[in-house]
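Residue numbers run from 1 in the order of the sequence given.
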Amino acid sequence: MAAAAPLAVFPAPAQDDAFPGFVDVAASLGVTAMNVHGDADKDYIIEVNGNGAGFFDYDNDGDADLLIANGSTIDSFRTGGDPMAVLYRNDGVRFVDVTEEAGLTKNGWGVGVCIADYDNDGRSDVYVTAYGPNSLFRNTGDGTFVDVTADSGTGDDRWGTNCAFADYDRDGDVDLYVANYVAFDEERIPRRGESENCTFMGADVMCGPRGLPGEPDTLYRNEGDGTFTDVTAEAGIDDPDYYGFGVAFTDFDLDGWPDIYVANDSLPNLMFRNNGDGTFTEIGLVSGTALNEQGAQQAGMGVAVGDYDANGLPDVFVTHFSHDTNTLYQNLGGMLFIDSTLQAGLGEVSLSYLGWGTAFGDLDNDGLADLFVANGHVYPEIDDLDVGTRFFQRKEIYRNLGNGAFEEIGLTIGGDIAVGKSARGLAMADYDNDGDLDAVAVNINDRPSLYRNDASDGNLWIAFRLEGVRSNRDAIGARIRIEADGRVQIREVASGGSYLSHNDLRVHFGLGEAAGADSVRIDWPSGETEELGGIPAGQFVTIREGDGVVDARPVDR
C-alpha cells in the first residue's frame, strides 16, 4: 500500500456539548441556487413533488461534490424549461458552482438524481430523472460531462422520479431502475374542486395522484458497451401503473442477488425478489412490506435502508403523508418483515409531518443507525385549516437508542433543523472529511440547507471506498462487515434511495470508543469474499477487490 498524505478537511468548527449539532452552512459555503419547482399557488401536482440531490466525487480528488436537481414552471416548460441541475465542486474550502464549465446546462424539468460509474472507467456518471425525458451524463474525466442519453437508450420521456443503479444480473456492470409517477397532461387534468380527488379536509386543492393515470416503472440492463436495454417485461418487473417514488436496490435476503423495493404514492409498495436468473418475483404483500400493520396502503415517498436493530439484516423505513405515520419494516430474515413503527417510537411523533427524503446514518458515531427525515406539505391551503399541520415543516432527527427504539431530537438540536420549510430531497455525506455525516436538503422554491454535523462526543469512526475489479467499479451492492470491540456492523454500498436523491458511496461506520475495526469482511457483488485484518479508526480507507487496502488517509486536524 502506497503511503498517503493526511486528507485535507474544512476548518474545524467550534465544539460544544450538543448532540449532535447541525448547522446550516449552505449560504456561507456557496450552495445558494434557488430551487424552481412550480408557482407558489401549486395548482398542479407537477408543481409540488420537488427535487433531489446527490453527493459524489466527480473529479476524484477525495471529497464529496454536490449535484442538486432543479425543476421548472408550467409557463417556462412550454418554452424549454429551466436548468435541470446545478453542480457544485467541493474545493476543500467551499462549494463552487461549476455547472456551466462541466457542461451540465441542459434545460427541462429535472426531478431526481442517481449516480454510478456505468461504464467502469473510474469516473462517476450522472442520471437525472425528469418530467420527460430523463438524461444520462457521462463523465469524461476532464471536469466535463457529455449527454449520452440518445446513444445509451435511457431517455424515457415519462415522468421519472427516483432511480437507482445496481448490478442485478452480476455481470460486472450496473443496471438501472427508474420509478415513474403520473401521466400528467395539463389539458386533461381536473381542476381544483372538480372531483373528490381535488379536495383535502374541506379545501379545494390541486388534483392527484388518486384519479390520475399512473406510469409503469422501467428496468434497464447495462449491455457493457455504453448502451442499455429495456428489460422490464422479460425481467418480470410487473408494476401495475402505480405511482412510483422511492427506490432501493438492496439484497434483502442476503442471497447475493440485489432485490428492488419501490415505495408507491397512495398505493401498495412493491418488493421484487431477485430470482438469480435475470428475473424478479413481486412479493410485497407476502413479505409484509406492501402495507402497514393495519393493512392500509399509504402515501409512500422516500425510502431508507439500514440495519437499525444491528441483527445483520437490512430494514426498510418509508416516509408518508401527514395525519399518517411513517413506517418501519423490520427484517426478520427469509424475506419476511413486520411493521415495527410503534414499538420503535416512530408512530405518533410523525403524524403532523409529511415526510419525503430520509436516510439511515450513524450521526453521532456510536455504532447505531440514526434517521434523518426531510418534511414539507404539498398544499399551501393547509395553513388556512386548523388541522394540526403546516405547509412549512421542520426536519426530524431520530436518535437510535440501541434498544430497538428511537428518540426524536430535532427540536433539541434547534437552529435551521427546527425552522419550517417545505423540504423534499435529502442526501448524506461527510462533505468536510472530518469523520461525521453531514446532509443536504432540497427545499422547494427556496435555497438548499447544507447541514454540517458538529457532533462533539468524541466517538471514533472509519469510512471505506470500495473499487470493484470483477465487480462493477463502484462496488455497488457490496456488503461491508466490521467487528470492533465485539460489536458487528454491516453496511451496503448503495446507489439511489431517500427521495429523488443519492448518498455518498463512501461507507461510514461509527465506532464509539473502539480504536478501530478489529476485522473487515467484504462480500463483493462478483460473489467473492475478502477478509482483512484490523484497521485503525479515523481514516478514509480505499479497498480494491482482490488487492485489499490500497489507500488509507487519516484525518489531520
- So the ring-ring contact (aromatic ring centres under 6.0 Å, His included) pairs with at least one residue in residues 476-514 (sequence neighbours excluded) are Phe245-Tyr499, Trp356-Tyr499, Phe464-Phe509
Please confirm whether [X] and [Y] have ring centers closer than 6.0 angstrom.
X      : Y      : result
Phe372 : Phe22  : yes
Tyr242 : Tyr181 : no
Tyr131 : Phe184 : yes
Tyr243 : Trp159 : no
Phe95  : Tyr431 : yes
Phe406 : Tyr308 : yes

Is it true that [X] and [Y] have a side-chain N and a carboxylate O under 4.0 angstrom from each other?
X      : Y      : answer
Asp383 : Arg390 : yes
Arg506 : Asp504 : yes
Lys395 : Glu408 : no
Glu492 : Arg481 : no
Arg210 : Asp265 : no

- Item | Euclidean distance, Ser449 OG relative to Asn443 CG, rounded to 0.5 Å |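 Separation between the atoms: 4.0 Å.
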Donor-acceptor side-chain pairing of [X] and [Y] below 3.5 angstrom:
X      : Y      : value
Asn35  : Asn51  : yes
His377 : Thr389 : no
Ser422 : Arg424 : yes
Arg487 : Gln489 : no

- Kindly state each residue pair satisfying salt bridge (Lys or Arg N to Asp or Glu O under 4.0 Å) with at least one member in residues 294-316, sequence neighbours excluded. none
- Message: For Glu513, I'd like to know if atom CD has over 12 heavy atoms of other residues, nucleotides or ligands within 6.0 Å.
- Response: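 Count not over threshold, so no.
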- CD (Glu348) with more than 12 external heavy atoms under 6.0 Å: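 At most 12 heavy atoms, drawn from other residues, nucleotides or ligands, come within 6.0 Å of this atom.
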- side chain to side chain donor-acceptor pair (under 3.5 Å) partners for Ser340, two or more places apart: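 Gln330.
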